[in-house]
Amino acid sequence: MCGRYAASRRPEDLVGIFEVEKWEPKETLEPDWNVAPTKEVYAILERPLKDAGDRAPVRQMRTLKWGLVPSWAKTPEGAARMINARAETVHDKPSFRRPFLTRRCILPADGYYEWVTGSGERELEVEGKKKRPRKQPYFVTPADGSVFAMAGLYEFWRDRTLPDDHPQAWWVTCSVITTEAETGPLGVAPAEGPQTLADIHPRMPLMLTPERWDAWLDPARTDPEELRSLLEPPPGGLMRAYPVTTAVSNVRNNGPELLEELPAPEEATLF
């Protein structure tokens, strides 16, 4: 799954990386090393500009809220639960089916966090010697330092309790598409601990490699089978994972220190 990630790149850099044509500097977000559900995040998408005479799609960088609210929802209360969409079923789930066909986006990240319960901790829990196992967070990021382009969906939701001209009458929300975690060796693995992404968690965000960006963002592509072919996982061995401080487990903590690599998991019993 993807329940937390880091996004610290400058918007100017993202505009260049993704060849964005339209971006409003007033939507600039602060670097965020602990992005959690319901926060505002950057999304790359293609759609016609509002109130433009030319209806041709334009590549834009927009600020969206993480946690998709279906257009037909009566309230936005379930948004925090819809942060992920499974690649295997995204084409037929009612909440995701329509945005999958016409409202796809890329959510740029440095990488994502995932928590591991070590075997020693699990054994103590089973034996009743610990009520709650301690989990070690890992940061997963492209081994070459490139942007982690997560496949995403976005949707519009109208708040009927507000008048049409209210600035918050429309919500634009998004979800991260996930896939099965790689079972092959990591591109760069920690000296101690997991050697594959599947050792960390059975799911991972679907990373789109650059040759798929244009096709994924193109709203003219609406054939479900063609789109599903874009959901194939990237080649193996592109990622690295390393242990980071447990401070990231608290959403109030934020800063580049959260990405600092630990020489080993914080408890030797984790692996």
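We're numbering straight along the sequence, starting at 1. Since the model is a prediction, treat every value here as computed from it, not as a measurement.
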Problem - Presence of salt bridge, Asp164 and Arg158, under 4.0 angstrom - result: yes
Fill in the blank from the handout: What one should report as the nearest heavy-atom pair of Leu14 and Val20 is O-CG2, 4.2 Å
Handout entry: Whether Trp216 and Phe100 hold their rings parallel, tilted or perpendicular, with breakpoints at 30° and 60°
Key = tilted
Exercise for the section: Any chance you could lay out the side-chain contact (heavy atoms from CB on, under 4.5 Å) test for Val176 and Ile83, step after step, and finish with the verdict? Expected result: CA-CA 6 Å; Val176 175; Ile83 59 173; over 6 Å; no
Exercise for the section: May I ask you to say whether Asp214 pairs ionically with Arg59, meaning some side-chain N is under 4.0 Å from a carboxylate O? Expected result: yes
Handout entry: Donor-acceptor pair, side chain of Glu46 and main chain of Ala56, under 3.5 angstrom
Key = no
Exercise for the section: May I ask you to say whether Arg203 pairs ionically with Glu88, meaning some side-chain N is under 4.0 Å from a carboxylate O? Expected result: yes
Practice task
Nearest 0.5 Å please: distance from the CD atom of Glu180 over to the CG atom of Leu206.
Solution key: 12.0 Å
Practice task
Return the minimal non-hydrogen interatomic distance between Cys2 and Pro205, and the atom names on each side.
Solution key: CB-CG, 3.6 Å
Practice task
Please check if atom CD in Glu19 has more than 12 non-hydrogen atoms from other residues, nucleotides or ligands closer than 6.0 Å.
Solution key: no
Exercise for the section: Look at the rings of Tyr154 and Phe156 and say which category their plane angle falls in: under 30° parallel, 30 to 60° tilted, over 60° perpendicular. Expected result: perpendicular
Fill in the blank from the handout: Value for CG (Leu217) from CD (Gln60), rounded to nearest 0.5 Å, stands at 11.0 Å
Fill in the blank from the handout: ring pair (Phe, Tyr, Trp, His ring centres under 6.0 Å) pairs touching residues 7-31, sequence neighbours excluded, are Phe18-Trp213
Exercise for the section: Determine whether the side chains of Arg240 and Thr141 contain a donor N or O and an acceptor N or O closer than 3.5 Å. Expected result: no
Practice task
Please report the shortest heavy-atom distance between Arg103 and Arg98, naming the atom on each side.
Solution key: NH2-NE, 3.4 Å
Practice task
Kindly give the heavy-atom pair with the smallest separation between Thr173 and Val69, and that separation in Å.
Solution key: OG1-N, 2.8 Å
Problem - Residue pair Ile17 / Arg9, side-chain heavy-atom distance below 4.5 Å - result: yes
Exercise for the section: Could you please spell out the steps behind the side-chain contact (heavy atoms from CB on, under 4.5 Å) verdict for Thr179 and Leu231? Expected result: CA-CA 8 Å; Thr179 188; Leu231 297 176; over 6 Å; no
Problem - Exercise: do Asp32 and Asn254 side chains pair donor with acceptor under 3.5 Å - result: yes
Exercise for the section: Classify the side-chain pair Trp115/Ser249 by whether it contains a donor and acceptor separated by less than 3.5 Å. Expected result: yes
Practice task
Sort out for me which residue in Tyr5, Tyr113, Trp33 forms a ring pair (Phe, Tyr, Trp, His ring centres under 6.0 Å) with Phe139.
Solution key: Tyr113
Exercise for the section: Quick one: do Ile177 and Met150 satisfy side-chain contact (heavy atoms from CB on, under 4.5 Å)? Show the steps, please. Expected result: CA-CA 7 Å; Ile177 295 179; Met150 300 188 295; over 6 Å; no
Exercise for the section: For the residue pair Asn84 and Thr178, confirm or rule out a side-chain donor-acceptor distance under 3.5 Å. Expected result: no
